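Structure record follows, encoded as structure tokens.
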Amino acid sequence: MSVFLLVNLAANVSSAQNLVLRGAKVYLSPTAAAIENAIVIVRRGKIEMVGTGKVRVQKGTEVIDCTGKVIVAGFWNSHVHFTEALWSGAGTMASSQLEAHMQEMLTRWGFTTVWDLGSNPDDTLALRKRVESGEVPGPHILMAGDIFPKNGHPVYVLAEIQLPEASTPQEAEQMARGYMKMGLDGIKLFTGAFMGDKPVVNMDTAIAKAAVEVAHAQGKPVFTHPQNYAGVDNALNASVDILAHTIPTEHGFTVEELAQMKRQHTALIPTLTLWTTVTPNEEAQKWLVQSGVNELKAFAAQGGAVLFGTDVGFTSKYDTTQEFEFMGRAMGWKDILASLTTNPSEYFRTPTKGRVEKGMDADLVVLDADPAADVRNLAKVSYTIRAGKVIYSGAQKN
């Protein structure tokens with residue numbers, strides 16, 4: 001089991017309130033039996049009770065009738081980017097504009113915790129500060145600093161953007177230390193950079209390992225963007241923790257790679273919907289998605305930790321329905337729910353998140369329909385609640 005020390009800012013979210021959710025079917029966790037017609041009581045941002053029967057509601061408590069709905073723990077999206085133009089004004093932009101886009105991109109889909117895997121740290125740190133103050137309703141934002149290989153400027157990144165490229169282990173170490181001093185929560189290494197018609201530029205294992213050692217010394221996780229077998233192998237040999245994508249252009253993870261992932265407790269973020277955005281050719285899209293599905297299925301079959309992630313911000317496909325549909329080709333709905341809740345909370349050592357139980361953070365999602373009937377129902381979000389505060393309500397759409 002990986003051990004990471006992440007800054008928990010949930011307690012600082014303002015307007016945490018007393019709240020009662022009544023009448024819903026509640027899944028305490030992906031493996032626990034559901035409670036029908038349940039009552040969830042929230043006080044001061046924590047879950048005080050989950051059960052059935054009648055309760056006396058204190059004055060000033062908000063009550064939400066959830067009859068016919070389903071409650072699960074708040075969702076993690078372990079691969080997002082705050083790189084869209086709007087976020088560049090995060091420090092000064094009107095909070096109403098930031099809230100509207102936060103809803104469109106994240107809170108509308110149930111996300112209460114997200115990992116930003118590459119953006120301008122100044123912008124995202126400013127955004128995180130405004131979210132944690134309660135000024136902008138949003139998820140808990142964890143941030144990873146990027147390191148690219150020398151001459152590994154991906155073709156999909158504007159040429160005029162200067163990227164942090166490491167040509168030696170010493171440079172990678174220095175960059176990683178810089179990110180740690182900035183207060184970031186992890187590192188992301190491009191162990192494979194896509195160069196279009198030119199060969200993939202891979203990061204040497206020694207360079208990757210230098211950054212990994214800095215992060216691990218401070219209990220921080222390291223993600224990798226692999227592009228091919230070499231990128232996966234170099235990352236695994238450097239003891240990287242999480243693969244941020246599948247590698248659908250290859251012919252599946254090798255037997256050796258899968259075995260090494262299992263030994264090292266490496267996690268995987270599938271990002272299957274991403275493969276529908278990389279080419280306009282629909283047949284090629286289908287092939288890439290199915291290849292990614294096959295890799296996810298092989299990884300999950302050996303008990304690997306799957307973490308949900310969509311790469312939104314880089315892509316504009318905010319709707320999570322398709323991702324759930326694709327993942328459902330490889331996994332059951334309970335396993336997909338785990339990738340959104342218990343898996344990341346366990347992997348990133350945040351024990352007060354991921355389950356709907358007494359004493360846990362009141363990070364909750366109220367769904368309009370049961371995911372047991374159709375995994376795509378995980379995208380039908382009625383309310384998103386973080387630390388006892390409603391940060392998205394479907395009623396706002398009306």
Side-chain angles (χ1 to χ4, degrees), residues 2 4-13 74-91 93 98 101-102 105-107 111-133 135-148 157 161-164 166 172 174-190 211-212 214-225 240-245 267 269 271 307-315 344-345 347-350 353 363 386-387 391:
S2 299
F4 304 121
L5 305 175
L6 303 180
V7 179
N8 186 354
L9 301 176
N12 297 328
V13 177
F75 294 163
W76 290 62
N77 189 327
S78 295
H79 192 154
V80 310
H81 295 276
F82 292 102
T83 50
E84 295 165 305
L86 181 142
W87 303 120
S88 65
M93 186 170 291
L98 295 175
H101 195 53
M102 190 73 83
M105 178 175 162
L106 295 170
T107 56
F111 297 117
T112 57
T113 305
V114 301
W115 266 102
D116 174 89
L117 297 190
S119 64
N120 182 328
D122 291 336
D123 292 332
T124 308
L125 284 168
L127 176 64
R128 180 161 80 175
K129 183 177 180 180
R130 295 181 74 179
V131 169
E132 295 310 320
S133 73
E135 181 185 356
V136 177
H140 178 35
I141 300 171
L142 297 162
M143 299 171 58
D146 288 345
I147 302 177
F148 294 79
V157 178
I161 296 178
Q162 186 173 356
L163 299 177
Q174 183 178 17
M175 290 177 184
R177 292 191 185 283
Y179 287 133
M180 296 296 97
K181 288 180 181 179
M182 290 177 67
L184 303 196
D185 307 287
I187 302 292
K188 180 185 177 186
L189 304 174
F190 277 73
V212 169
V214 171
H216 284 182
Q218 296 195 33
K220 306 295 185 181
V222 181
F223 300 75
T224 183
H225 175 117
V240 162
D241 305 291
I242 305 113
L243 302 182
H245 299 285
I269 306 170
T271 65
L307 308 176
F308 186 88
T310 55
D311 212 354
V312 288
F314 175 72
T315 80
S345 67
Y347 199 84
F348 297 118
R349 291 289 182 171
T350 51
K353 296 184 184 294
D363 290 1
R386 180 184 166 208
I391 59 174

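Source: prediction; values computed, not measured.
- Residues passing the side-chain contact (heavy atoms from CB on, under 4.5 Å) test with Asn120 are Asp122, Asp123, sequence neighbours excluded.
- Looking only at side-chain heavy atoms (C-beta outward), Leu189 and Val212 come within less than 4.5 Å of each other.
- A distance-only check finds a donor-acceptor pair linking the side chain of Arg128 to the backbone of Ile141 [under 3.5 Å].
- In this structure, the ring pair (Phe, Tyr, Trp, His ring centres under 6.0 Å) partners of Phe82, at least two apart in sequence or on a different chain, are Trp87.
- Distance check, rounded to the nearest 0.5 Å: CD of Gln218 to NZ of Lys181 gives 9.5 Å.
- In this structure the side chain of Trp76 reaches within 4.5 angstrom of the side chain of Thr350, judged on heavy atoms.
- Judged by distance alone, with hydrogens and angles left aside, the side-chain atoms of Tyr179 form a donor-acceptor pair with the main-chain N or O of Asp146 at under 3.5 Å.
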### Query
Given Thr112 and Lys353, is the side-chain contact (heavy atoms from CB on, under 4.5 Å) satisfied, shown in steps?
CA-CA 10 Å; Thr112 57; Lys353 296 184 184 294; over 6 Å; no
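- Checking His216 against Asp241 by side-chain atom types alone, a donor-acceptor pair falls below 3.5 Å.
- Considering only heavy atoms from C-beta on, Met182 stays 4.5 Å or farther from Met143 through its side chain.
- Looking only at side-chain heavy atoms (C-beta outward), Leu127 and Met102 come within less than 4.5 Å of each other.
- Between Leu184 and Ala144, the shortest heavy-atom distance links the atoms CD1-C, 4.2 Å.
- Here His225 contributes atom NE2 and Ile147 contributes atom CD1; the two are 15.0 Å apart, rounded to the nearest 0.5 Å.
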### Message
What verdict does the side-chain contact (heavy atoms from CB on, under 4.5 Å) test give for Leu106 and Val312, after you've listed the backbone C-alpha separation in whole Å, the side-chain angles of each residue and the deciding distance to 0.1 Å?
### Response
CA-CA 9 Å; Leu106 295 170; Val312 288; 4.1 Å; yes
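- Atoms CG and NZ, on Leu142 and Lys220 in that order, are 8.5 Å from each other to the nearest 0.5 Å.
- With sequence neighbours excluded, the residues satisfying side chain to side chain donor-acceptor pair (under 3.5 Å) with Ser119 are Asp116, Thr124.
- In this structure, Leu307 CG and Thr271 OG1 are separated by 11.5 Å, a value rounded to the nearest 0.5 Å.
- Ring orientation note: the planes of His79 and His245 are tilted relative to one another, at an angle of 30° to 60°.
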### Query
Can you check side-chain contact (heavy atoms from CB on, under 4.5 Å) on Ile269 and Thr310, steps first, answer last?
CA-CA 8 Å; Ile269 306 170; Thr310 55; over 6 Å; no
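- The main-chain N or O of Ala90 is found under 3.5 Å from a side-chain atom of Arg130 such that the two form a donor-acceptor pair.
- No side-chain heavy atom of Pro137 sits under 4.5 Å from any side-chain heavy atom of Arg386.
- Note on ring orientation: taking the six-membered ring where Trp is involved, the planes of Trp115 and Phe348 are tilted (angle from 30° to 60°).
- Contact of the Ile242 side chain with the Pro221 side chain is registered, since non-hydrogen atoms from C-beta on lie closer than 4.5 Å.
- Once rounded to the nearest 0.5 Å, the distance linking CD1 of Ile187 with CG of Leu117 reads 11.0 Å.
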